[in-house]
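Below: one structure, written as C-alpha cells.
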Amino acid sequence: MDPPAPLNPLIRGPRTPGLRRTEPGLTRSCRGAFRSPRPSPKSGQADGTSEESLHLDIQKLKEKRDMLDEEISQFISEGYSVDELEDHITQLHEYNDIKDVGQMLMGKLAVIRGVTTKELYPEFGLDMND
C-alpha cells in the first residue's frame, strides 16, 4: 500500500542557487520585538554618555587647543606667518593632487604597454623615490 499523501503539500517556487527559503513555522523566533544592539540610554543620559565622560572630552579638547596655540606661537616666533603656512599647506595639497594624477596616468600607460610602472620610471627620467 502507498503512504498517504500529505494534506498540505509544500508549494515551492523556482529555486535560486545559494538562497534558501525558510520553511513555514520556523520563523516564530524572528517575530519578537526588535532589540537594538546599542544599549538604551540610562536616566539622565540623552545619548548614552555620562556627564563625567563629556567633561573629560572637553578637557582633552581644551588641552589640544592649548598645544596647537603653543605650536602656532612657536612658528610665529621663528618668523613664519599664519598666512604663509596656510599658503604652503594649500600648495602641498595641490602638489599631492597633481602627483596622484601623474601616478594614475603612469599606471594606465603601464597597463596599455603590459609593463610595470617601475619599468616606466627611467623612460620619464623619474627616480623610484619620486
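Applying the side chain to side chain donor-acceptor pair (under 3.5 Å) rule to pairs touching residues 104-120 yields Arg113-Glu123, Thr116-Glu119, sequence neighbours excluded.
Residues Glu63 and Gln59 meet the side-chain proximity criterion, which asks for heavy atoms closer than 4.5 Å.
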Enumerate donor-acceptor pairs with a distance under 3.5 Å from any side-chain N or O in residues 70-80 to protein atoms, sequence neighbours excluded.
residue : atom : partner : partner atom : Å
Ser73   : OG   : Asp69   : O            : 3.0
Gln74   : NE2  : Glu78   : OE2          : 3.4
Ser77   : OG   : Gln74   : O            : 2.7

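With rounding to the nearest 0.5 angstrom, the CG atom of Asp66 is 12.5 Å from the NZ atom of Lys64.
With sequence neighbours excluded, the residues satisfying side chain to side chain contact (heavy atoms under 4.5 Å, CB included) with Asp83 are Ser81, Glu86. Residues satisfying the side chain to side chain donor-acceptor pair (under 3.5 Å) criterion with Asp87, sequence neighbours excluded, are Gln91. The side chain to side chain contact (heavy atoms under 4.5 Å, CB included) search around Lys60 returns Leu56, not counting sequence neighbours.
A continuous path of hydrophobic side-chain contacts links Val115 to Met128 [ILVMFWY only; heavy atoms under 4.5 Å].
Cluster partners of Leu105, by chain and number: Val101. The rule joins Ile, Leu, Val, Met, Phe, Trp and Tyr whenever side-chain heavy atoms lie under 4.5 Å apart. When hydrophobic residues (I, L, V, M, F, W, Y) are linked wherever their side-chain heavy atoms come within less than 4.5 Å, Leu61 remains an isolated member. Cluster partners of Met104 are absent, since no Ile, Leu, Val, Met, Phe, Trp or Tyr has side-chain heavy atoms less than 4.5 Å from it.
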**Message:** Walk me through whether Phe124 and Leu109 qualify under side chain to side chain contact (heavy atoms under 4.5 Å, CB included).
**Reply:** CA-CA 12 Å; Phe124 293 97; Leu109 182 60; 3.7 Å; yes

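Smallest separation of non-hydrogen atoms from Leu120 and Met106: CD1-O, 3.5 Å.
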